[in-house]
Every structure is written in structure tokens, then in C-alpha cells.
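Numbers restart at 1 for each chain; the letters A, B, ... are given by sequence-line order, proteins then strands.
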2 protein chains.
Amino acid sequence: MNIARRANSQDVAALAGVSQATVSRAFTPGASISDRARKKIEAAAAKLGYQPNIIARSLSKRRSRLVGLLFANWTHPKAADLLKNITEALTEHDYKVIVQSATGSRLTDEVLREFLRYQVDGVIVFSAAPTAEISAEYARAQVPIVLLNQNGQSLNTSSVSVDATGIGNQIASSLLARSYKRLALISANPKSQIVIDMTKAIVSTVAEHPHMRIISQQTGIDGYEAGMREIENIWKQPETRPDAIVCTSDNTALGILAGCRQNLGIKVPEELAIVGLGDIPASAWQDQSLSTIKIPHDEMVSKAVMTLITGIEDPSVQPESYRYQAEFIQRGTTRIISNPKTGETQ
Amino acid sequence: MNIARRANSQDVAALAGVSQATVSRAFTPGASISDRARKKIEAAAAKLGYQPNIIARSLSKRRSRLVGLLFANWTHPKAADLLKNITEALTEHDYKVIVQSATGSRLTDEVLREFLRYQVDGVIVFSAAPTAEISAEYARAQVPIVLLNQNGQSLNTSSVSVDATGIGNQIASSLLARSYKRLALISANPKSQIVIDMTKAIVSTVAEHPHMRIISQQTGIDGYEAGMREIENIWKQPETRPDAIVCTSDNTALGILAGCRQNLGIKVPEELAIVGLGDIPASAWQDQSLSTIKIPHDEMVSKAVMTLITGIEDPSVQPESYRYQAEFIQRGTTRIISNPKTGETQ
DNA sequence: TCGATTTTTGCATACGCTTGCAAAAATTGT
DNA sequence: ACAATTTTTGCAAGCGTATGCAAAAATCGA
């Protein structure tokens with residue numbers, strides 16, 4: 001009825017003098033259609049400004065080519081990069097992504113249920129996990145989920161995560177090798193599985209070495225300025241001063257470092273070691289030079305996307321959990337040690 | 001035919017003993033339906049795990065409640081925040097957002113055309129502009145576009161941008177008031193309209209003051225490390241050393257500052273002023289303290305979203321361009337001046 | 001050239017929902 | 001209790017595309 005309504009395949013068919021079905025085939029790669037018909041149709045379509053209606057196509061095909069992306073951690077230092085890489089990788093495979101935030105009151109489950117209503121072909125969940133109930137709904141609907149930055153084995157869901165235990169072990173053994181003895185652990189979110197696993201690994205490694213111990217554990221410290229304040233608090237109590245601080249975020253670690261250098265005159269790394277997590281660009285800057293843990297985010301994103309697409313295209317493949325190894329990056333905030341055998345320094 | 005196919009409204013209707021239309025009404029807020037029927041239907045829906053199919057609803061209603069978000073600048077320091085705020089604001093109004101990247105080879109127009117195929121109700125374009133051709137297609141389809149961070153007046157498109165000329169004027173007059181005389185301009189992307197307008201404003205202000213001049217203009221310098229390298233190049237030529245550097249990015253400015261302090265021993269702000277753009281968090285950190293320009297991103301995002309929604313809900317409203325004022329933030333990289341009248345310092 | 005084969009086309013139905021319209025049921029007033 | 005009114009329901013026709021099937025057209029072989 002709309003006077004200015006959009007042209008549809010019928011309109012194009014009428015103008016080109018063919019049937020609607022033929023128009024449809026003209027816009028379906030690989031469909032059976034003669035060159036002559038295609039030419040006519042393309043001309044007509046151009047004249048009418050016709051674009052196939054993907055909503056209608058989705059309904060008919062029962063595939064929306066839409067992927068839901070549930071983003072639960074916007075303060076992640078690589079948030080923008082992750083998003084970019086995820087959307088670009090999915091675009092590459094001709095999927096579109098619907099992004100939804102699930103912080104605060106908008107619960108993960110609520111968002112996931114909405115995705116289902118939009119008939120998404122699959123979902124990537126970044127830094128959160130669905131409840132078992134929603135997982136079951138997705139399983140019933142045969143819509144694959146891939147968890148990124150979270151382990152999904154217990155949910156029978158695919159996941160791509162980093163080996164947090166490995167991170168803890170690497171940090172602990174690096175500090176051990178560098179003869180640090182009194183560790184302080186600082187983290188932002190105590191509920192994060194990565195933080196829990198990593199802390200557990202550090203604790204258990206330390207337990208094996210009687211001359212090393214954990215002086216303090218503090219949670220809820222997040223960001224540069226919080227780190228800067230926290231180091232002042234820590235240093236105020238001389239009897240519990242650590243000689244190594246492990247942070248679950250580079251930003252916080254950089255704040256601590258700045259506090260040491262500018263306000264407290266603490267010698268890093270001689271007097272105090274600082275280790276971050278994430279290897280953000282600023283950590284590598286000459287004046288900062290923070291020893292940290294590098295997480296292979298790019299590979300993890302590719303893996304997550306590929307896993308999702310595989311799951312979409314072949315519903316019979318079973319969920320799988322991939323775990324990536326992180327890497328300790330020795331920079332200026334931990335002592336250099338030399339290997340007595342080879343003479344190499346690291 | 002699919003054995004495990006999803007339940008639809010027919011299935012629910014059959015189970016609840018009502019017609020399909022009634023099921024539809026049960027899931028349509030405000031529709032005419034008795035409590036009794038609603039109860040029965042809800043029970044049946046729960047049993048079958050039924051969720052309304054929004055794709056089908058969209059087809060029928062000719063409204064997708066989908067908004068396209070074309071993101072052309074992922075390196076913007078606030079990229080993640082902007083995305084979060086945009087998606088959350090739109091979610092608030094019950095729209096979902098499809099994000100697409102338009103960097104590199106994926107051209108703006110191509111992405112916009114795809115959005116149209118997905119029957120989006122509206123589009124937000126961040127840091128890019130469509131061609132006139134696509135603008136016309138959108139106008140014909142009555143789908144509103146809002147440009148964010150770009151002026152759209154010439155395209156007859158709504159836009160929300162910052163007053164770049166005002167920024168240039170503020171920078172120039174601030175430097176003038178602080179008695180700096182020899183300016184160097186450093187920018188990343190010479191094609192960015194903001195950079196062009198801001199530069200033009202600086203140039204014209206400087207032209208009015210014979211004792212001030214522009215020593216050099218350099219483009220293609222982007223990021224902390226690039227800034228650090230650039231200041232070394234600049235300082236190598238003593239005869240063209242500036243006494244004030246204006247950067248179109250805080251990150252670059254911070255790199256320059258670090259270069260001055262750590263490598264070159266340049267006294268900031270006595271010997272050299274540095275002004276950034278964007279007021280990223282790091283600029284406010286105690287050890288950096290960069291004088292910069294603060295852009296009201298949050299307000300701009302709200303405005304963009306509200307403008308879009310207004311345009312969607314009432315197609316008769318005309319495109320409008322909003323321009324926001326930025327604010328010069330005096331910190332440690334420009335001299336303090338005191339107002340001779342009031343004695344205030346700024 | 002004619003029958004056999006292949007390619008292209010159109011017909012008709014399905015996808016799952018909304019909604020105008022009219023019929024049915026429930027509610028109200030007297 | 002009955003007519004008048006209001007609310008609820010069902011019917012049926014879309015929304016724009018895909019696709020199985022059979023008919024039509026084009027191509028091929030001899």
C-alpha cells in the first residue's frame with residue numbers, strides 16, 4: 001500500500017518479464033539460470049533499486065546468517081581489537097554479528113534468550129558463561145555457543161580460553177628463579193575463573209618452596225590509579241612489604257610501577273618485582289617496560305570463530321574446549337637472571 | 001520435517017487449544033487477549049520451549065528493530081566505550097545492533113548496502129561518510145542514517161560531531177595566551193575532516209598574530225611510539241625547533257612527552273608545550289599530566305542514538321546536524337598563566 | 001531433421017508471524 | 001432475562017523469498 005515501499009522480487013519480475021522464482025534464482029549464487037534472464041533481471045533490479053530482502057530469505061531458508069556476540073567485559077584492554085577481529089572474521093564468512101552488552105542488570109541469560117528469538121545461527125560469549133538452563137535451550141535449538149575467555153567443559157559447550165593454571169605456574173616459577181620470596185597478589189574481580197585458577201596455581205607452587213611465601217592477597221583493585229594508591233597502602237606496613245607483586249591486569253601493574261618510581265622511590269626490580277597480565281601496548285613502551293604475560297588473543301579469536309562456524313555448518317560435531325598457552329615476557333620489572341649453563345640471560 | 005525443529009506458534013496453539021492468532025496476541029504487548037487464554041498459552045509455550053520468531057515478525061511487520069552500526073575507526077581510544085554505549089542505548093529502546101567493520105577493503109558503501117538488505121531500521125556510521133549515491137538509496141528506502149564524528153550537512157544526513165574549528169581556535173588562543181610562538185602540527189590521518197578543520201582554524205588564528213607562526217606540519221604520525229620517534233627527528237634540526245606541539249591524538253602526544261622527558265631532556269612546558277586531543281585516561285595520570293582537548297563523547301553518543309530513534313519512529317522529521325563543543329584542559333604540558341585582573345590561574 | 005538429453009523456467013507451496021474483519025463470547029445495564 | 005455493548009477469538013490474507021516438481025525450451029547426437 002505504501003507508495004514508497006521497497007521494490008520486491010515480484011516488481012522486478014514484472015519489469016523484467018519473468019517469474020518471481022527466476023528473480024530469486026538470479027540472486028542465488030549457483031542457481032540454474034540463463035545469462036539472458038540474468039541480464040534482464042539485473043537491469044530491472046538496478047532500475048528499481050531492488051535489493052533482496054534477507055529477512056524474508058532467512059525465514060524461508062531457516063538460516064539467518066546472524067551470529068550473536070555477547071560481550072560481558074568492556075574494560076578488557078583489548079576489547080575493541082577483539083570486537084573488530086570477531087566481526088571481521090565472521091564477515092569474511094558472510095555472517096553478520098549482533099552485539100549485545102551483558103554488564104550490570106542485563107543478564108547473560110536474558111540476552112541469550114533474545115538471541116534465540118532473532119534466530120541467530122550461533123553465539124559467541126565473551127567473558128561470561130550461560131546457565132545450564134540456557135545451555136540446554138541452545139542445545140535443543142541446535143544453536144552452537146562458543147565461550148571465549150571462559151572454560152565451558154562443564155556446560156558441554158565449546159570454549160576457547162587461556163590456560164590460567166599455566167600462567168600461575170609460569171609466574172611463580174619465574175619469580176622463584178629470580179629469587180623473589182615474598183609475594184603479594186592483586187586482582188580486580190575475585191570471581192573471574194582465570195584469576196581463581198591462576199591464584200590457585202601460584203599458591204600451590206609456592207607451597208612447594210618453603211623459602212617463598214604469599215604475604216598478602218588483595219582483590220577489587222582495578223586500573224592504573226587504583227594500583228598507584230594500593231602500592232602506597234602496601235608500603236605503609238613495613239613488616240608485610242612484599243618483594244614481588246603479581247597483578248591480574250597490566251594497567252594496575254603500571255599504576256603500581258608509577259607509584260613506586262614517582263612517589264615512593266622503590267627500586268624496581270631490585271627491591272620489588274612487578275608482573276602484569278595481558279601485555280597491553282603501554283607495557284612495552286620504553287619508559288614502562290613491564291614484565292607481563294602475553295595472551296594469544298588473535299589466535300584465540302580465530303579459533304573461536306572457526307569453531308563456531310564449524311558448529312553451525314555441521315551440527316553433528318561435538319563441543320570442544322581449546323586452551324591456549326600464555327607466555328611470560330621478561331622486561332624491566334623483574335630481575336634478569338642468567339642461565340648458569342648457557343650463559344644466556346632472560 | 002525436521003524432527004527437532006523449533007516449536008512455532010501453531011504448535012503452541014494446538015497444545016493450548018486455541019488458534020495461532022491468539023498465540024501471536026499472547027506475545028504481543030497490548031494485544032486483546034483474555035487472562036485465561038494467556039495463562040494456557042504461556043504454559044504451553046513453556047512446555048515446548050517456544051520463543052517467538054523475530055525474523056518472521058519482522059517480515060510481517062516490516063520493521064526489523066535492527067540498527068546497523070558501521071565502525072570505521074577501531075583505533076579510536078574510546079572505541080570500546082563508544083560501542084558499549086551505543087549498543088546499550090539502543091538496547092534500552094529495544095533495538096538490536098548489527099556491527100560491521102569498514103576498514104581497509106570493506107568499503108563503507110558496500111557495508112551500507114548490506115545493511116539495507118538486512119532491512120535495518122536505521123544506521124549509525126562512526127567516523128566515515130557514505131557516498132551521495134548510497135545516501136540517496138537510503139533516502140529512497142526511508143532508512144535514516146546518523147553520522148557520528150563526521151559532519152553530514154552536505155549529504156542531507158543527520159550528524160553528531162564535534163566543533164573542530166572551535167577546537168582549533170581554543171588551542172591557538174590557549175597557546176597564544178601562554179606566549180608560545182612557534183607551532184608544530186602533528187596529525188595521523190590528513191584526510192580526517194576534523195583534522196582539516198582544526199588545522200585550518202589554527203592556521204587562520206595564527207595568521208592574525210604576526211609574532212606567532214607555524215613552523216611545521218607533519219602527517220601520518222600515529223601512536224605513542226611514533227610520537228616518541230618524531231620528537232627526536234624534530235629536535236635534530238635546531239633551526240626549526242618549535243616551542244609548542246599540537247597533536248591530533250593524546251597517545252601521540254604522550255609519546256612525544258615521554259621522548260622529551262626521557263631521551264632528550266627537553267623541559268616541558270617551559271621549553272616546549274604539548275597539546276593532545278581526546279583526553280584519554282592516561283593523560284590525566286599524575287606522571288603524564290597532558291594538556292589536551294576533552295570531547296563530550298558520551299553526550300554525543302546519546303544524541304546520535306536519540307536522533308536515530310526519532311528518525312526511525314517519525315520518518316517525516318528532517319535530518320539535523322548537531323555540533324558539540326570541546327573543552328581545553330590545562331594540565332602540566334602547557335604553562336600556567338594567571339589572569340592579571342582576577343589573579344586566578346588557569 | 002527428429003528424438004533424447006540437458007538446461008531453464010514457472011507454478012505453487014512453505015517459512016512463522018501479524019492484523020483487519022467479522023463472528024462468538026462475555027459483560028453490562030435495566 | 002434480554003438487548004446492547006464490549007471484549008475476545010478465529011479466519012484468512014498478507015509480508016518477500018526459496019525450492020521441489022513438472023512443463024517448456026534449448027542443446028546435442030546421428
Side-chain angles (χ1 to χ4, degrees), chain A residues 1-2 4-42 44-45 48-66 116-121 141, chain B residues 1-2 4-42 44-45 48-66 114 116-121 141-142:
Chain A
M1 251 337 54
N2 226 339
R5 73 169 235 286
R6 259 129 113 165
N8 60 24
S9 53
Q10 300 262 27
D11 302 331
V12 177
L15 184 60
V18 297
S19 72
Q20 178 272 326
T22 304
V23 175
S24 170
R25 289 191 252 261
F27 286 90
T28 306
S32 162
I33 189 174
S34 65
D35 280 354
R36 224 165 57 85
R38 164 170 287 126
K39 287 262 151 54
K40 279 194 299 185
I41 290 169
E42 276 170 2
L48 296 175
Y50 169 76
Q51 298 278 105
N53 181 329
I54 305 226
I55 295 282
R57 171 180 291 176
S58 298
L59 182 60
S60 182
K61 284 205 165 184
R62 256 120 33 111
R63 287 306 274 326
S64 65
R65 301 208 78 84
L66 246 27
L116 232 31
R117 293 180 164 204
Y118 269 87
Q119 311 297 113
V120 295
D121 291 341
Chain B
M1 252 338 58
N2 227 337
R5 74 169 234 285
R6 274 190 244 195
N8 61 23
S9 54
Q10 300 262 28
D11 302 331
V12 177
L15 184 59
V18 297
S19 74
Q20 179 271 326
T22 304
V23 175
S24 170
R25 290 192 250 261
F27 286 91
T28 307
S32 162
I33 188 174
S34 66
D35 281 354
R36 225 165 57 84
R38 166 170 284 126
K39 288 264 153 51
K40 279 194 299 184
I41 290 169
E42 275 171 1
L48 297 175
Y50 170 75
Q51 297 281 106
N53 181 332
I54 305 224
I55 294 282
R57 171 180 292 174
S58 300
L59 183 59
S60 180
K61 285 206 165 181
R62 256 118 38 106
R63 285 305 274 328
S64 65
R65 300 208 79 84
L66 247 26
E114 275 181 14
L116 232 31
R117 294 179 164 205
Y118 269 86
Q119 311 297 112
V120 296
D121 291 340
Q142 301 219 32

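A straight line from CD of B:Q10 to C1' of D:dA12 spans 12 Å, rounded to a whole angstrom. The NZ atom of A:K39 sits 13 Å away from the P atom of C:dT9 (whole-angstrom rounding). If you measure from atom CG of B:D11 to atom P of C:dC15, you get 10 Å, rounded to the nearest angstrom. Taking atom CD of B:Q119 as the reference point, atom P of D:dG16 lies 9 Å away to the nearest angstrom. A:I55 places its CD1 atom 14 Å from the P atom of C:dT18, with the value rounded to the nearest Å. Rounded to an integer number of Å, the gap from CG of B:L48 to P of C:dG16 is 14 Å. Atom C1' of nucleotide D:dT19 and atom CZ of A:F27 are separated by 17 Å, given to the nearest angstrom. For the pair A:Q51 CD and D:dT17 C1', the computed distance is 15 Å after rounding to whole Å.
Phosphate proximity of D:dT17 to A:Y50: present, with a side-chain N or O under 4.0 Å from OP1 or OP2. Between D:dT17 and A:S60, no contact under 4.0 Å exists linking OP1 or OP2 to a side-chain N or O. Put simply, A:R62 has no side-chain N or O that comes within less than 4.0 Å of OP1 or OP2 on C:dC15. Contact between the side-chain N/O atoms of A:S58 and the OP1/OP2 oxygens of C:dC15 is not found at any separation under 4.0 Å. Here A:T22 reaches the OP1 or OP2 of C:dG10: one of its side-chain N or O atoms lies under 4.0 Å away. Between A:N8 and D:dG16 there is a side-chain N or O to OP1 or OP2 distance below 4.0 Å.
B:V18 comes within 4.0 angstrom of sugar-phosphate atoms only, judged by non-hydrogen atoms across all strands, and of no base. A:S32 comes within 4.0 angstrom of a base, heavy atoms only. Within 4.0 Å (heavy atoms only), B:L59 reaches at least one base atom of the nucleic acid.
With B:I33 as the partner, the side chain to side chain contact (heavy atoms under 4.5 Å, CB included) test is satisfied by one option alone out of B:T22, B:V23, B:V18: B:T22.
Residue A:R25 comes nearest to A:R38 through the heavy atom pair O-NH2, 4.5 Å, listed as atom of the first residue, atom of the second, then distance. Of all heavy-atom pairs between B:L59 and A:L59, the closest is CD2-CD2, 3.3 Å.
Residue B:S34 places no side-chain atom within donor-acceptor reach of the base of D:dT8, judged by atom type and a 3.5 Å distance cut-off alone. Judged by distance alone with a 3.5 Å cut-off, a donor-acceptor contact links the side chain of B:R25 to the base of D:dG10. Side chain A:S24 to base D:dG16: no donor-acceptor pair is found below 3.5 Å.
A donor-acceptor distance shorter than 3.5 angstrom exists from the side chain of A:S58 to the backbone of A:I54, with no hydrogens or angles considered. The backbone N or O of B:Q119 sits less than 3.5 Å from a side-chain atom of B:S64, completing a donor-acceptor pair.
The OG atom of A:S60 sits 12.0 Å away from atom CD1 of B:I55, with the distance rounded to the nearest 0.5 Å.
For A:T28, the side-chain atoms get nearest to D:dA18 when compared with the rest of D:dA18, D:dT17, C:dT18.
Side chains of B:N8 and B:N53 form no contact here, defined as non-hydrogen atoms less than 4.5 Å apart. Side-chain contact between B:Y50 and B:P52 is present, with at least one heavy-atom pair separated by less than 4.5 Å.
Both A:A21 and B:Q20 lie near DNA chain D, and the one whose nearest nucleotide falls closer to the 5' end is B:Q20. Map B:A37 and B:K61 each onto its nearest nucleotide of DNA chain D; the residue landing nearer the 5' end is B:A37.
Annotated stems with DNA chain C as a participant read C:1-30 with D:1-30, given as range with range, by first number; only runs of 3 or more Watson-Crick or G-U pairs under 3.5 Å qualify.
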